[in-house]
Structure formats: structure tokens, C-alpha cells
Amino acid sequence: MKAIVCADSHGAFAAAERLLEQNREAAAVIFLGDGAEEWEDLCAIYPQMPFYPVRGNCDWGSDWPAVRVVELGGHRLFCTHGHLYGVKSGDMGPLLRAAKAENCDIVLYGHTHAARIEYREGRHLLNPGSLRHPAEGRPGYIELVLDGKNVVPIPVELK
């Protein structure tokens with residue numbers, strides 16, 4: 001199964017819509033916050049797509065949860081924006097402990113705008129970067145392929 005993981009669109013409606021148009025066959029779309037306004041509209045425009053959003057620190061007034069645990073393809077995914085776990089400091093300890101407490105093997109976060117694919121303490125730690133203002137490189141997202149026990153995160157530049 002293929003899931004799309006993205007974050008930090010910060011008002012870039014056209015970029016987010018382009019991502020959805022390019023991935024209509026995705027089994028899930030996970031949005032990791034900071035862009036709730038455009039993503040609420042996109043959820044209404046694409047009701048057939050299963051969305052799993054969380055709110056970020058710039059999503060004032062959003063009623064989305066700050067943390068969401070999603071079960072997909074035999075995996076437990078811990079989804080959060082990351083600001084509540086201090087990810088910008090580079091210390092992933094609080095985030096990893098929270099994911100471990102929820103028995104999640106995949107940890108998804110945003111907030112830093114820096115794409116990262118790591119494996120730490122028996123968990124996949126993934127940040128898709130930003131759809132609008134990446135810390136480095138071009139705007140992008142992660143195509144997450146879950147095939148049984150296999151976890152294949154593929155970084156993709158937004159076209």
C-alpha cells in the first residue's frame with residue numbers, strides 16, 4: 001500500500017492540490033500540520049481520499065488532534081507536527097519515547113521543514129520536509145510504501 005506523507009504547506013493550496021492530483025491512487029494521505037486551512041478545503045474537494053491530519057503550531061483554531069496514531073499496512077504510525085516534542089532542537093528523544101509508549105514502529109513529524117529519513121531505536125523516523133518553504137532543496141513529500149514488514153520511504157520532489 002502507498003501512503004503520502006506531507007507537512008508545512010503554509011497556505012500553498014496549489015502545491016497541495018498538485019500533490020493530491022499526482023497521487024490519486026494513494027491509500028492514505030497524512031498531513032503533519034501547518035496548513036490546516038487549505039487542507040480542510042482539500043478534504044472537502046477530495047472526499048474519496050482517506051485523510052489523517054494533525055494540527056501544527058500555526059494551525060490556530062483547528063480542531064484536529066495534535067497527535068494521531070494510524071494503523072496502516074500492518075504498521076502503527078505516530079503522527080505529529082513535532083513542535084510539542086522539541087524536534088527543532090535536534091533531540092528526538094521525547095518524540096521517540098512518545099512513539100514507543102504508543103507501540104508505533106513509524107514516527108512521522110514535520111515542523112523543521114527539513115526532510116529526514118532515519119532509523120533509530122527500532123523505529124522509522126520520517127520528516128517529509130515542506131510543501132512551501134523547505135529548509136533545503138525543493139518542496140517535497142514522502143511516498144511511504146508499506147508492504148508487509150517492509151517500510152520503504154521514498155522522498156519525492158513536488159513537480
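Quick note: numbers below take in every heavy atom, side chains included, and nothing from hydrogens, waters or symmetry partners.
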*With a 3.5 Å cut-off and no angle check, do the side chains of E157 and Y141 form a donor-acceptor pair?*
no
* To do: Taking the side chain as every heavy atom from C-beta outward, state whether F31 and C43 have any atom pair closer than 4.5 Å.
  => no
Item to complete: With salt bridge (Lys or Arg N to Asp or Glu O under 4.0 Å) as the test, would you mind laying out the steps for E17 and R24 before giving the verdict?
Response: CA-CA 11 Å; E17 186 170 37; R24 286 183 167 267; over 6 Å; no
**Report entry** Backbone N/O of A66 and side chain of T80: donor-acceptor pair under 3.5 Å
**Finding:** yes
Quick check on Q22: does its CD atom have over 12 non-hydrogen neighbours (other residues, nucleotides or ligands) under 6.0 Å away? yes
Distance col, row L20:CG vs C6:SG, nearest 0.5 angstrom, shows 7.0 Å
Check the surroundings of atom NZ in K100: do more than 12 heavy atoms from other residues, nucleotides or ligands lie under 6.0 Å from it?
-> no
Quick one: do the T112 and N127 side chains pair a donor with an acceptor below 3.5 Å?
yes
### Query
Which is it for C79 and V67 under the side chain to side chain contact (heavy atoms under 4.5 Å, CB included) test, yes or no, and what are the steps along the way?
CA-CA 6 Å; C79 308; V67 174; over 6 Å; no
*Would you confirm whether S62, through its side chain, and A36, through its main-chain N or O, come within 3.5 Å as a donor-acceptor pair?*
no
### Derivation and outcome, side chain to side chain contact (heavy atoms under 4.5 Å, CB included), residues L77 and L144
CA-CA 11 Å; L77 290 70; L144 183 59; 4.0 Å; yes
Looking at E118 and R120, is there a salt bridge between them, counting it only when a charged N and a carboxylate O are closer than 4.0 Å? yes
Original post:
Quick one: do L126 and V69 end up in the same hydrophobic cluster if we chain Ile, Leu, Val, Met, Phe, Trp and Tyr together by side-chain heavy atoms under 4.5 Å apart?
Top reply: no
Query - Side chain H113, main chain H133, donor-acceptor under 3.5 Å - result: yes
Margin query: Is there a continuous path of hydrophobic side-chain contacts, each under 4.5 Å between heavy atoms, that joins L32 to W60?
Written below: no
Separation between NE2 (H10) and CD (E37), nearest 0.5 Å, reads 13.0 Å
In short, A99 meets V107 closest at the heavy-atom pair CB-CG2, 3.4 Å
Ionic contact status for E102 with R123, cut-off 4.0 Å
no
Task: D34/H81 under side chain to side chain contact (heavy atoms under 4.5 Å, CB included): CA gap, chis, key distance, verdict - done: CA-CA 8 Å; D34 279 2; H81 184 62; 3.1 Å; yes
What I'd like to find out is whether the side chain of L131 reaches to under 4.5 Å of the side chain of L158, using heavy atoms alone. yes
Original post:
Does any donor atom in the side chain of D91 or Y85 lie under 3.5 Å from an acceptor atom in the other side chain?
Top reply: no
**Report entry** Hphob cluster co-occupancy, Y46 + W39, side-chain heavy atoms under 4.5 angstrom
**Finding:** yes
Taking every heavy atom of S9 against every heavy atom of G35, the minimum-distance pair comes out as OG-CA, 3.6 Å
query = Transitively linked via ILVMFWY side-chain contacts under 4.5 Å: V145 with V5?
reply = no
Within the distance-only criterion (no hydrogens, no angle test), does the side chain of D105 pair as donor or acceptor with the backbone N or O of R76 below 3.5 angstrom?
-> yes
Do you reckon I45 sits in the same ILVMFWY cluster as Y52, going by side-chain contacts under 4.5 Å, direct or chained?
no
### Task
Test V151 against L146 for side chain to side chain contact (heavy atoms under 4.5 Å, CB included), laying out the working first.
CA-CA 5 Å; V151 175; L146 303 173; 4.1 Å; yes
When you measure from the side chain of D59 to the backbone N and O of G56, does any donor-acceptor pair fall under 3.5 Å?
-> yes
- When you check the side-chain N and O atoms of H111 and N57, is any donor under 3.5 Å from an acceptor? yes
**Request:** Examine distances only and state if a side-chain atom of R55 and a backbone atom of G33 form a donor-acceptor pair shorter than 3.5 Å.
**Result:** no
